[in-house]
Amino acid sequence: MIFENKFIQQRIEKAKLLKEAGHNPYSNDSKRNTTVEKYLNVNSDVVDMEEKRDEKRHYIVSGRIKLLRIMGKASFVKIEDESGMLQIYVARDNLPKDFYNTMFKKNIEVGDIIEVGGYPFVTGKGELSLHADSLSILTKAISPLPEKFHGITDKEIRYRKRYLDLIMNAEVRKTFQTRSKVISLTRRFFEDKGFLEVETPMMHPIAGGANAKPFVTHHNALGIDRFLRIAPELYLKRLIVGGFEAVFEINRNFRNEGMDATHNPEFTSIEFYWAYKTYKDLIDITKEYFQYLFEHLDLPTVLPYGDMEVNFENFQEIPLIESLTTIGGVPAESCNDKESIIAYLKSKNISVKPGMNFGQLQGELFDEFVEEKLIDPTFITEYPVEISPLARRSDENPAITERFELFIAGREIANAFSELNDPIDQLSRFEGQMEAKDCGDDEAHEMDSDFVEALSYGMAPTAGQGIGIDRLVMLLTNEHSIRDVLLFPAMKPVSNEEQTTQDEEN
RNA sequence: GUCUUGUUAGCUCAGCUGGUAGAGCACGUCACUUUUAAUGAUGUGGCCGAUGGUUCGAAUCCAUCACAGGACACCA
């Protein structure tokens, strides 16, 4: 039984006693007329009053009891609403006869949501409080809250029962408020630039736009499988073909892959596409975007991230090849051709998969020796064409693409490029992916001939970018697990034996 | 996927080389009308993650499983 615990039984009994005495333990009759934050602001002048109180004022506040100190005929109660914490002074003789002794002291406790009316005053210790003349229960909590001092620290419980985490940990609420602001500011930033927010399908007939394994679901009416999208890219580009010149979408992507500190099966990204622009313009708008975020989030431009300090006023830009030597410390002669890279990697005890091409090997050098050293925001540009299947080639050097990735605190935050809009080239790149798939690469891109057909009608020269919102929020809130910036991160179900057996049979 | 560390009261944690469980908070009872994790007294509370094994005896040792944290590999 779910409520067999004796503490819960005790509390159920208290709820019953309240009800019998005419105090509905689940009352819907809230008369709150201010929030804690407003109360504290409006009455801050009471601190300077000679009497340290103003009995002519009267407010009704509501909140959850977080702390309760009963001292005989008077008590101190700390209640918390979304805006903050307020101390209430409750004295027996200010409440209706017998209520304090028989109801308040006996049946109201930490975790309950109450409503209190009274006037502002300042205690002997100098805390602006509320002197109660009325108190009623709004909602009885029949499960006890975790311990008041240590709160709840078990990560498993924090993620599985996020509501408890939010009740107990104010800084967690802060993190998610920041996340909400980041998304809201992002939307406003792009809208103000004239971008149109769009919604493209979450269920795709072909999972395209990235190399990743999709989740599969089934559409009964059509009798066909659908794939939860791994990226919105190909649909957003269809909109550019259609004549929209600046579009963005902030939404979820789904990838059927591993979970760890930086990966959740569903994650949020913004992708935006901007016609008649190049990746150079995207570098500018990205800098501007960060400046905008920091300004409106009121953050210092030098932010701590773990042991690191990230200076968001120090944006760097460096071509990938150059970064290998200047940042990665790889000797220039070891970057020039396949054989010397392989020899260098082997000399550093790094295993090299057979069949890697020049561009992939350069990418390998970058991942091994450069990425983690990019602390301040750094645009790595000029990616090899082999590892940039959807990016436009440089007109000057066909071996590299007009692309950048933005790295901050040793981690990739954004990926952007001038888009490939040559339908014949796109078709042959898809065909290349099909061959890779036939050779066993199960993450190779699917052929999307509908998308190629769209390109065949002409897509204006366009630059597009994706930014991982979860990782961005991690950076801004100094969180080191993606689970700490997702309200409800993916968790394995806690299965009972029957379910386990069924899973094994399936 | 691999390695590694956890899982003991509602919560936070002790429990040594095996001898059938402890603390603090919370909760119950009592005292207390300006406390700040209030205080003092007193009491209740546990199938020691699950299943097997070793043993006279297992929270403790071994194996398997489940879930979680961390690291590595792949990916955003």
Side-chain angles (χ1 to χ4, degrees), chain A residues 3-11 13-14 52-53 66-78 85 87-94 100 105-106 109-111 121-127 129 131 141-161 164 167-168 209-213 230-231 252-271 350-351 353 367 405-407 411-415 442-443 466-472 474 480-483 489 491-497 499-501 503-504:
Chain A
F3 293 137
E4 71 187 5
N5 176 283
K6 75 160 193 171
F7 296 109
I8 296 178
Q9 285 299 325
Q10 254 170 28
R11 284 171 168 258
E13 181 61 24
K14 290 179 183 184
K52 299 284 181 195
R53 64 186 59 214
K66 298 298 287 288
L67 287 168
L68 188 52
R69 293 185 279 274
I70 298 179
M71 297 177 308
K73 298 177 190 65
S75 301
F76 287 91
V77 188
K78 291 253 174 158
M85 185 102 79
Q87 176 166 271
I88 312 290
Y89 177 74
V90 183
R92 184 193 65 183
D93 299 338
N94 297 322
Y100 181 83
K105 273 168 75 174
K106 293 292 178 190
E109 58 203 316
V110 172
F121 83 115
V122 176
T123 64
K125 297 284 162 66
E127 182 169 346
S129 307
H131 200 115
I142 61 168
S143 285
L145 287 183
E147 196 238 6
K148 63 186 171 191
F149 185 55
H150 297 93
I152 185 159
T153 62
D154 184 312
K155 286 196 167 165
E156 183 168 359
I157 303 177
R158 287 189 43 220
Y159 297 147
R160 287 191 196 279
K161 303 185 180 178
L164 270 186
I167 291 172
M168 299 306 294
N211 295 341
K213 285 182 207 147
I230 56 176
R252 229 68 68 80
N253 297 315
F254 307 86
R255 298 194 183 173
N256 206 340
E257 290 164 352
M259 295 154 61
D260 62 27
T262 55
H263 296 87
N264 194 68
E266 48 183 309
F267 64 100
T268 301
S269 69
I270 173 169
E271 285 201 15
I350 296 158
S351 65
K353 281 186 210 133
D367 292 346
E405 289 195 340
L406 173 62
F407 292 86
R411 203 176 273 158
E412 186 197 332
I413 282 292
N415 181 20
D442 56 359
E443 288 191 357
I467 303 173
I469 296 290
D470 310 290
R471 291 184 181 180
L472 176 61
M474 285 168 70
H480 293 256
S481 169
I482 195 168
R483 291 179 174 141
M491 300 290 280
K492 273 199 189 182
V494 188
S495 56
N496 59 33
E497 274 181 58
Q499 283 171 329
T500 311
T501 318
D503 288 347
E504 280 161 4

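As a basis for the values below, the full set of heavy atoms in this structure was taken, side chains included, without hydrogen atoms, waters or symmetry mates. Everything numeric in this text was worked out from a predicted model, so none of it was measured.
Checking the phosphate oxygens (OP1, OP2) of B/rC13, a side-chain nitrogen or oxygen of A/Thr153 falls inside 4.0 Å. The phosphate of B/rA38 has OP1 or OP2 within less than 4.0 Å of a side-chain N or O from A/Arg69.
If you check every strand for non-hydrogen atoms under 4.0 Å, A/Lys213 touches nothing. At the heavy-atom level, A/Lys106 lies under 4.0 Å from the strands shown only through sugar-phosphate atoms. Nucleic acid contact for A/Leu67: sugar-phosphate only, since backbone atoms but no base atoms lie under 4.0 Å from a heavy atom of the residue. Residue A/Arg160 is classed as a sugar-phosphate contact, given heavy-atom separations below 4.0 Å to backbone atoms only. Within the 4.0 angstrom heavy-atom criterion, only backbone atoms of the sugar-phosphate kind lie near A/Met491; the bases stay farther away. Within 4.0 Å (heavy atoms only), A/Arg483 reaches sugar-phosphate atoms of the nucleic acid but no base atom. Nucleic acid contact class of A/Thr123 (heavy atoms, under 4.0 Å, all strands): base. If you check every strand for non-hydrogen atoms under 4.0 Å, A/Gly151 touches sugar and phosphate atoms only. If you check every strand for non-hydrogen atoms under 4.0 Å, A/Phe121 touches a base. As judged by a 4.0 angstrom heavy-atom cut-off over every strand, A/Lys105 is placed among residues making no nucleic acid contact. In this structure, A/Lys125 reaches the bases: a heavy-atom distance under 4.0 Å links it to at least one base atom across the strands shown. Among the protein residues, A/Asp93 comes within range of the nucleic acid bases, having at least one heavy atom under 4.0 Å from a base atom. Nucleic acid contact class of A/Gly258 (heavy atoms, under 4.0 Å, all strands): none.
The nearest whole Å value for the distance from the CG atom in A/Asn94 to the P atom in B/rU33 is 14 Å. Between the P atom of B/rC32 and the OH atom of A/Tyr89 lies a distance of 14 Å, rounded to the nearest Å.
Summary of the strand contacts: A/Ala261 and A/Lys492 both lie near RNA chain B, and taking for each the nucleotide with the nearest heavy atom, the more 5' one is attributed to A/Lys492. Checking A/Phe149 against A/Pro144, the closest nucleotide of RNA chain B that is more toward the 5' end is the one next to A/Pro144.
If you take atom P in B/rG69 and the same atom in B/rU12, they sit 15 Å apart, rounded to whole Å.
With a cut-off of 3.5 Å on both pairing distances, the Watson-Crick or G-U wobble partner of B/rG19 is B/rC56. Pair assignment for B/rA66: B/rU7, on the basis of Watson-Crick or G-U wobble contacts that are both within less than 3.5 Å. When both distances must be under 3.5 Å, the Watson-Crick or G-U wobble mate of B/rG46 does not exist.
Scanning atom types as modelled, no donor and acceptor separated by under 3.5 angstrom connect the side chain of A/Glu156 and the base of B/rU7.
Rounded to the nearest 0.5 angstrom, A/Met474 CE and A/Arg411 CZ are separated by 4.5 Å.
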